[in-house]
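All remarks here apply to the structure that follows.
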Amino acid sequence: MLSGRRRKGYPAEVEKKTCTTKMAESSEVAVERKHVENKKKAPKRYWEETQNATKKVEAEKSSDESKQENTDKEKGKLTHDEWRKKKKERTHGKFISGKTDPFPGDAPIPEERMKKFQRGNKLEVPAGTRLKLRETLTRSEAGSDLAQNQSARYDLLLTEDAGFLEGEEDEDTCTISQEDIAEAVDITSGSKYFNLHLTQFGPYRLDYSRTGRHLLLGGRRGHVTCIEWQTKNLMCEINVMETVQDIKWLHSEAMFAVAQKKWLHIYDSSGVELHCIKKFNDVLRMQFLPYHFLLATASATGFLQYLDVSVGKEVAAIPTRCGRLDVMAQNPYNAVIHLGHPNGTVTLWSPNQKEPLVKMLCHRGGVRSLTVDKTGTYMVTSGLDRKLKVYDIRAFKPLHSFFLPAGASCLSLSQRGLLSAATGDIVQVYRDACGGAPVTKPYMAHRVRGTVWGVGFCPFEDVLGVGHAEGFTSMIVPGSGEPNFDALDMNPYRSTKQRQEWEVKALLEKVQPELISLDPGMLGKVDNATFEQKHKERVEAVGYDPLAHKKFKPRMRKRGRSSAGSVEKRKNKVAHEDQRDVIRKTVGERMEKEKKRKESAKVQLKGGELSVLDRFKKVG
Amino acid sequence: MSSKSSVEAAPAVMAAEDNDEELSSLEDENVISASEDEEGSEDERKHTKLLEAISSLGGRRRMKQTERSEASLQVSEFSVAADGAGEKVELSDLLGTMEKTPGAPNKTKKQLKNLQNRKDTLELPLSKQETEKIQRGVAYKKSSREVSRWESVITQNQKAEQLVFPLRQDPTGHKRMEQVVAGWKARTPLEQEIFSLLHSNSQPIHDPVLTPVEEASIKAMSLEEAKIRRAELQKARALQSYYEAKARRESKIKSKLYHRVQKKAKRRDFLKQFEEMVKTDPDAALEELKRMELSRMQERMTLKHQNSGKWAKAKAIMAKYDHSARKAMQEQLEINKDLTQKLAVPSEDEDEEKNGDEEAGALPDFVNDPEPILDPVNPWMRGKLSKEEPEPEVEASTEARDEDLEVQQQQEEEEEEEEEEENEEEKLLREFERKRKLREDEDDDLVPVPQEEENQTLPVAGAEQASSIEVSAEDGSKITDNNDEDKDEDDKDEEEEEEEEEEAEEVVSEFNSLFNRLMKSNTTPAVPDQNEGEELLDEGLVRVQTMEDLEALRKDRTNEANQEASVPATDTPTAPESASEPPNKKKRRRKEIDLKKVLTKQATVVKVPLAPTVLEEEEEEAEVHTEQAAIIKEAFAGDDVISDFLKDKRKQEEAGRPKVVDLTLPGWGEWGGLGLKPSKNKRRKFRKKVAPPPPRQDKKLPAVIISEKRDASVAAHQVSQLPFPFQNPTQFESCVRTPIGQTWNTQTTVRKLTAPRVVTKMGAIIEPMSREDLVPKQKSNEAKRGAAILLEEKRERGKKKGSGGKRALQQKKKKMQKQKKTKE
């Protein structure tokens, strides 16, 4: 049955271990580069012919140019002629032995890949710019070009590819059951499909750690457990003897937060309660912002609170005035918190603003669930109107609207953009739900035992965890996880030592909460606020106007000299002081003008030289 | 009469210069007199001369009046008239003699002729200011040209992305040991210090066969010798200390008598010393004499011993009756006489000589000798007369000396008892000294003895010679006189002795100072001389045995010093070488928006293969309640959601819009009261409109409210002012858009993007750019070659001309050597 399907990129561990990322490779760059450059080129393939024919000229040109730039500095010692000779040799690919290089120059980089690493638009330096500016601009452009080129070139090292489930003709992939898949794949991958029957402590919520190795389960009736799910190693299992609203891993698998009936509690991985944070009460949903070390909580009282986990301080507490907040998601791109409300609106929040950054009307009914994709491009919401909507969150425009028979109660987006939606006891997974053509049927579907309470894709694994009333189900969703991981950021195979190392680094690189805004590139922009605006802000921040003119208050004098009359007199002495100068000046100007005018009139009147005897002259 | 007055006036002026009034009056007189007697000036002059002659006859000398002589017939006080002022001196007058002189070269004659023929006058030289201005201009141009050479380099360095210092880096890789060693120089102060230390300890820097220290140790004496020497030194030191102790003890004795005797002895010693000094060291004796003369001068200046003081007057009254008082006065006068006694100065006058004969007797003969001048070549500078009849003189002199000695012995006998101990010790010390000298002499045997030492040794070896030389200057007749003089001297000495017993304190102190000095010079030989003594007492490894060694060592030291001095000099750097729509319209448009259309978008129906089996019934009651409530809300208030939202949006828009400020005051300029509103004109006048804000971001998005509030928190981290080279924000933003961190880039890129602007080599000294770095190498070489060629040419020319003498010869030699080398 599965014979005709190509299964690619199943996250077999062995493969994963060998896979490397750009960053992991970075330390060996020098060696690798040499290796790559000196590597014998593979013989030409027939399909490359056409590409080469078109690109060859281009590539040569570009390579020449790049080489010129790169080698300019190195060539400092060589005379110009020598350098030219060497260049000729290289371009023509002639060696001493007489052989010619069939593929001269650097290997061309595909346009797509180049685009992937493009950052912003290239700035055209206008003709009339000053020399210094021109130099700095060209230099920075060269730098960004280099960065882009190098990154694109090293993208080659991300060898792992994601695969998908492909059905036979007239076979829906959604009809393939998990059991079938588990049987067909290798044992390790097969073992990733499992069920945990936990009927006693009610519907479960779940959270995978950022490395994807650890799973945290929180039963509504107080059952909290963390499992190293791949090895099925139980790290801890406790019952907090309270209702558990939500659970969340903190920055590493050493700690997790549990939103209990009243307060927010923090436990370590062995189940020891570390903190009970009473400032955070009636928490319903939590989100952890890993790069800011912030735990954002949404409470039943309508408060959105931010807790800085690194220092244990509440960063912000925002009264949203939107009622009970039980729908929450974060935008991994810019760390903005999305809240869903019963009136069908979704609000976007940052800790720096007391009002929502954006408020958008998404559904006619209340919002049941929402999720944002990794790149911060798409937001998927589901409402009581049984609709599933996909928004372009950058432009706040709806892209798609799907009507689901029962509506989706839980939503989750995977690293590679697969959307899981739980309707009742059925979990559906949609492929290419965001962007592209609208989908009409799910990619996969799976019925679990009870009503679904929480869904979550496991990072770096093709696994979807489903928490439901009867326990937990881990199902295989091919193509959901990112096959290539960045070991310096998140390494699923890291040791304790590495984790500790990473922790320190992450703390050092912690992003301040002030930098959270819709545009994460805000920091690189020039603040073009006017002085007035800034002054206003300052006044607001300080509470008074530091530049305000101090009001004159006459000194208290004794022996009746501080009578109302004398006080008024004294006040009058300094009254309108700022205006006086202006008045004095204008009056002076006027006087001068008048004087001039008079003088000129006199002169005109005189005409020539007047003498005393002129009065006796006869007029006419 | 007037002439007389003028003559009188002159000395008067001289006498009372400070008296201004008098002076002015006298000057007036002078003027008058001068104007009156213009014709009789000649007579007047004669007269003044006569007067002068007369006045000079008087005891006091008069200052000679300064006289101005002018080469003119008429002399006037008012103007200086050149004789024959009307005549101009012409060139021809001066050149007339030229043609007559036969020796003058033709060339100069021609030139002079040309000069004579030239009619045009020379141009007036430029004024100082102008010439200076021109010079400054030229200098400025020159220096600016010099400086502007660096411009390109500077701009290049300013532009450069990265600068690597030091500029001249040695090629990387290993060097040969010799290169490293040879190229090393002591640069830092520490290194230099260490280097100098090594030098001063004569440590080998280049490796010779033996170190200087080793060589010295080879030269050094044997153990026995060293022991003997050490014992000697020990003894000497001990004696020295005894002597010192004794001197200290003696100085504490309070007995007057004892001191008197002591003084006498000292005096005698001094005389003896002086006598000896006359023979051995005439220079020092002369010095002493000078000092004595000085004291005489001082005595002459004061009224100290002339019995004119208070004390003396009192004594004078007493003198009639008191013998002692008389004696005291006598003493004083005696002292005065003694001190003011003129020292004989040889003069041509016979009379003086005669007068001073007796006095001159006190003076030694060598006084007449000229100071020794060390110019052996010039016979005129020797200052000695030709040696005639040396033999009889010698005899005579010896006789005189013998007599002297006898007298001295007699004197010594008187105080021998007191000085016995002292003499013993002194003898010992002297013995040591003699021994030392002997040793030195032994050492000096090989070396030519310097003149000073010769002088010292000569009196020991042959006193006769010395005396003969001294006396040789005198005539034979004088020699006979000499004998008499000596006798006189002896008598005088005796007298002096008597006098000295009652010497006044002043004289004592003076004499003491003199004597002390002599004593010091006497004792210092016992405590060996500084230079020699140090070297003797210094029991270091190196022992300087010969003068050659000593000189060699000295040379070494001076060389070191020179090197030390030269090293920093060379190290010093050579060159210092651095849209919008109005809100009303929008409102209308907003009304146009269909409420229902806001959220009605065609939804695609998704077919799900699996129908949800689990219904809400299974869920808990609370959940059911909320769900149901939501459903109810959805059913009944669908439109409300939208309208609420739109209301909200409008509110926001309103809030964001700036308000019109109404400043109208009712009743001002018109009637006021109940029911009366300010007129339209007035309202229009006093309403202040604010410019409309930029269009809202959500203008075209009906279902979205975007907050227009500025985020001040990010602003604190943003760049608020455009940095320097950028002209607009986009340029700056584009420059900043690419991250340079490791998280986003490959390692090579990071390294390149974050390369430091200046790279320096650890420990390397960054020297300022030299001119050689500036000028391209080839050019500079060529230039050098060119310069060399020029030099060569010059040399050759010099040779041809035969000028330059020695230097030219040397250069020639050098060149020859070079040629030889090149040939080889």
Side-chain angles (χ1 to χ4, degrees), chain A residues 26-27 29 119-120 123 132-133 135-137 140 143-144 146-147 150-151 154 174-175 342-345 352-353 355-361 364-366 384-385 387 396 398 401-406 423-426 428 438 440-441 445 447 451 514-515 517 522-527 529 537, chain B residues 159 161 598-599 601-614 618-619 630-631 633-634 638 641-642 644-645 701 703-707 709-720 722 725-727 729-738 742-743 745-749 752-753:
Chain A
S26 58
S27 58
V29 154
R119 287 177 191 278
L123 186 86
K132 176 109 181 157
L133 177 61
E135 262 168 21
T136 45
L137 289 177
S140 82
S144 37
L146 175 76
Q150 291 289 317
S151 302
Y154 284 92
C174 60
T175 55
N343 60 358
T345 55
N352 308 312
Q353 217 160 314
E355 62 178 26
L357 301 170
V358 178
K359 190 177 190 181
M360 43 198 307
L361 186 61
R364 286 200 140 182
L384 281 174
D385 54 358
K387 273 178 182 163
F396 312 108
S401 176
F402 307 109
F403 187 82
L404 288 178
T423 55
D425 61 345
I426 295 166
Q428 300 157 10
T440 50
K441 55 184 180 182
R447 190 194 295 273
T451 322
E514 291 94 71
L515 300 178
S517 64
M522 211 44 188
L523 193 62
K525 280 177 181 157
V526 177
D527 179 24
E537 277 161 15
Chain B
K159 272 189 210 167
E161 266 182 281
V598 169
L599 287 170
K601 195 178 181 183
Q602 206 58 51
T604 50
V605 181
V606 178
K607 286 175 188 170
V608 183
L610 304 166
T613 48
V614 185
E618 278 189 24
E619 293 175 17
I631 289 162
K633 204 180 179 186
E634 178 201 9
V641 170
I642 299 165
D644 280 354
F645 184 82
L701 300 164
V704 179
I705 307 168
I706 299 173
S707 167
K709 229 178 170 185
R710 207 175 86 89
D711 190 358
S713 60
V714 192
H717 301 274
Q718 273 177 316
V719 172
S720 58
L722 202 63
F726 304 107
Q727 285 170 325
T730 49
Q731 287 170 349
F732 171 71
E733 279 157 20
S734 83
C735 266
V736 169
R737 72 172 201 269
T738 325
Q742 280 197 327
T743 320
N745 289 308
T746 62
Q747 191 69 28
T748 40
T749 322
K752 257 181 194 164
L753 292 177

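Below, chains carry the letters A, B, ... as their sequence lines are ordered, and counting in each starts from 1.
Ranked by heavy-atom pairs under 4.5 Å with chain B, the first of A/Thr136, A/Leu123, A/Leu133 is A/Leu133. Per-residue heavy-atom pair counts under 4.5 Å with chain A were compared for B/Leu753, B/Asp711, B/Leu722, B/Val736, and the maximum is reached by B/Asp711. Among A/Pro438, A/Ala147, A/Gly344, A/Ser517, the residue making the largest number of heavy-atom pairs under 4.5 Å with chain B is A/Ala147. With chain A as the partner, the residue from B/Thr749, B/Ile705, B/Thr730, B/Val719 showing the most heavy-atom pairs under 4.5 Å is B/Ile705.
At least one donor-acceptor pair closer than 3.5 Å links the side chain of B/Glu733 to the backbone N or O of A/Val526. With hydrogens and angles disregarded, no donor-acceptor distance shorter than 3.5 Å links the side chain of A/Arg119 to the backbone of B/Arg737. Of the possible donor and acceptor atoms, none in the side chain of B/Gln718 sits under 3.5 Å from a partner among the backbone N and O of A/Gly524.
Between the CE atom in A/Met522 and the NE2 atom in B/His717 there is a gap of 12.5 Å [rounded to 0.5 Å]. Rounded to the nearest 0.5 angstrom, A/Thr345 OG1 and B/Asp644 CG are separated by 10.0 Å. Taken to the nearest 0.5 Å, the CD atom of A/Gln150 stands 11.5 Å off from the CD atom of B/Gln747. In this structure, A/Leu357 CG and B/Ile706 CD1 are separated by 10.0 Å, a value rounded to the nearest 0.5 Å. Here A/Leu137 contributes atom CG and B/Cys735 contributes atom SG; the two are 5.0 Å apart, rounded to the nearest 0.5 Å.
With a 4.5 angstrom heavy-atom cutoff, B/Phe732 touches chain A only via side-chain atoms. Of the two parts of A/Ser144, the backbone and the side chain both hold a non-hydrogen atom closer than 4.5 Å to a non-hydrogen atom of chain B. Using a 4.5 Å cut-off between heavy atoms, A/Leu523 contacts chain B through both its backbone and its side chain.
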Kindly indicate, with the supporting measurements, whether the criterion side-chain contact (heavy atoms from CB on, under 4.5 Å) is fulfilled by B/Val641 and A/Arg364. CA-CA 7 Å; B/Val641 170; A/Arg364 286 200 140 182; 5.9 Å; no
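In terms of heavy atoms, A/Phe396 sits closest to B/Leu701 at O-CD2, 4.0 Å. Minimum interatomic distance between B/Ser707 and A/Pro356 (heavy atoms only, all atoms of both residues): CB-O, 3.4 Å.
A salt bridge links B/Arg710 with A/Glu537: the distance from a Lys NZ or Arg NE/NH1/NH2 to an Asp or Glu carboxylate oxygen falls below 4.0 Å.
Counting heavy atoms from C-beta outward, A/Glu514 and B/Val714 have side chains that stay 4.5 Å or more apart. Put simply, the side chain of B/Phe645 does not reach to within 4.5 Å of the side chain of A/Asn343, judged on heavy atoms. Annotation: side chain of B/Thr738 is not in contact with side chain of A/Ser140 (no heavy-atom distance under 4.5 Å).
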